[in-house]
Amino acid sequence: MSKKQTDGIIQQFRSASRQYSDASIFMHEAIARKAGLTGSDHKYLGLILQHKELTAGDLSKLTGLTTGAVTGLIDRLEKKKLLKRQFTKDDRRKVIIVPNEENSMKLLQPLFLELQQKTSALIGSFSVTEIQVIERYFIEATKIMKETTVDINNKQND
């Protein structure tokens, strides 16, 4: 394959990836609005739901949010009964964030049901080899994005 062909394929791929990313953001914003959340609160709730419990400091490290922003996020999600604060017995200043999975699923699952069905059908249309290639791309691209995020956050703290 010539350099020109390779460059063209890369540009097509980047265009498709950008369109996917944009559509994902717009869809998650729409879901968040329907659920009465902001787009970022919706995504942070998803991150919190991946953990049984975490501290406010853990959440700050995972997201790059300041401790003040994390406190505001926790306040908003706690007000909607999507998580709760627990204080440790050893140190009452240490706050453990515990997601309320039941309330979160009641709120979000109906909004994701059709999407999950359609994406399952789409995934089922690929061969195992194709799925493995796509999965490998997502895993490696995620690593690159996480590294970039850390680099950007570190440069902000300099």
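Residues take their numbers from the sequence shown, with the count starting at 1. Predicted model, so just to flag it, every value in this text is computed and none were measured.
Between Leu45 and Leu77, the closest side-chain pair of non-hydrogen atoms falls below 4.5 Å. With a 4.5 Å cut-off on side-chain heavy atoms, Ile10 and Arg14 count as touching.
Placement of Ile97 and Leu47 within a single hydrophobic cluster is found when ILVMFWY residues are connected by side-chain heavy-atom separations under 4.5 Å, directly or transitively. The cluster map of Ile, Leu, Val, Met, Phe, Trp and Tyr, joined by side-chain heavy atoms under 4.5 Å apart, puts Ile48 and Phe112 in the same cluster. When hydrophobic clusters are built by joining Ile, Leu, Val, Met, Phe, Trp and Tyr residues whose side-chain heavy atoms come closer than 4.5 Å, directly or via intermediates, Phe126 is grouped together with Tyr20. Transitive grouping of hydrophobic side chains (ILVMFWY, heavy atoms separated by less than 4.5 Å) keeps Tyr44 and Phe26 in distinct clusters. One hydrophobic cluster, built from ILVMFWY side chains closer than 4.5 Å, cannot hold both Leu54 and Val95; they sit in different ones.
To the nearest 0.5 Å, atoms OG1 (Thr149) and CE (Met145) are separated by 8.0 Å. Between His42 atom NE2 and Leu37 atom CG the span is 8.0 Å, to the nearest 0.5 Å. Leu83 CG to Leu73 CG: the interatomic distance, rounded to the nearest 0.5 Å, is 7.5 Å. Taken from CD1 in Ile25 to CD in Glu29, the straight-line distance is 8.0 Å, to the nearest 0.5 Å. Distance CD/Gln50 to CG/Leu62: 9.0 Å, rounded to 0.5 Å.
No side-chain donor-acceptor contact under 3.5 Å links Glu78 to the backbone of Asp75. Between the side chain of Thr55 and the backbone N or O of Ile96, no donor-acceptor pair lies under 3.5 Å. Side-chain atoms of Lys80 come within 3.5 Å of backbone N or O of Gly36 as a donor-acceptor pair. Checking side-chain atoms of Ser120 against main-chain N and O of Gln117 turns up no donor-acceptor pair under 3.5 Å. For Arg136 (side chain) and Gln132 (main-chain N/O), no donor-acceptor pair under 3.5 Å exists by modelled atom type. Asn103 places no side-chain N or O within donor-acceptor distance of the main-chain N or O of Leu82, the cut-off being under 3.5 Å. Under a 3.5 Å cut-off, the side chain of Thr63 and the backbone N or O of Leu59 do form a donor-acceptor pair.
Scanning both residues, Ser60 and Thr67, for their nearest heavy atoms gives OG-N, 4.2 Å. Contact between Ala56 and Ile74 at its shortest, heavy atoms only, is CB-CD1, 4.0 Å. The two residues Thr71 and Arg85 make their nearest non-hydrogen contact at O-NH2, 3.6 Å. Asp41 approaches Arg76 most closely through the heavy-atom pair OD2-NE, 2.7 Å.
Note on Glu114 versus Lys118: salt bridge recorded, some NZ/NE/NH1/NH2 to OD/OE distance being below 4.0 Å. For the pair Glu147 and Lys143, the salt-bridge criterion is not met [side-chain N within less than 4.0 Å of a carboxylate O]. By the 4.0 Å N-to-carboxylate-O rule, Asp7 lies close enough to Lys3 to be salt-bridged with it.
In this structure, Phe13 has its ring center under 6.0 Å from that of Tyr137.
With 3.5 Å as the limit, one finds no donor-acceptor pair spanning the side chains of Thr148 and Asp151. When only modelled atom types and interatomic distance are considered, Gln19 and Ser15 share a side-chain donor-acceptor pair under 3.5 Å.
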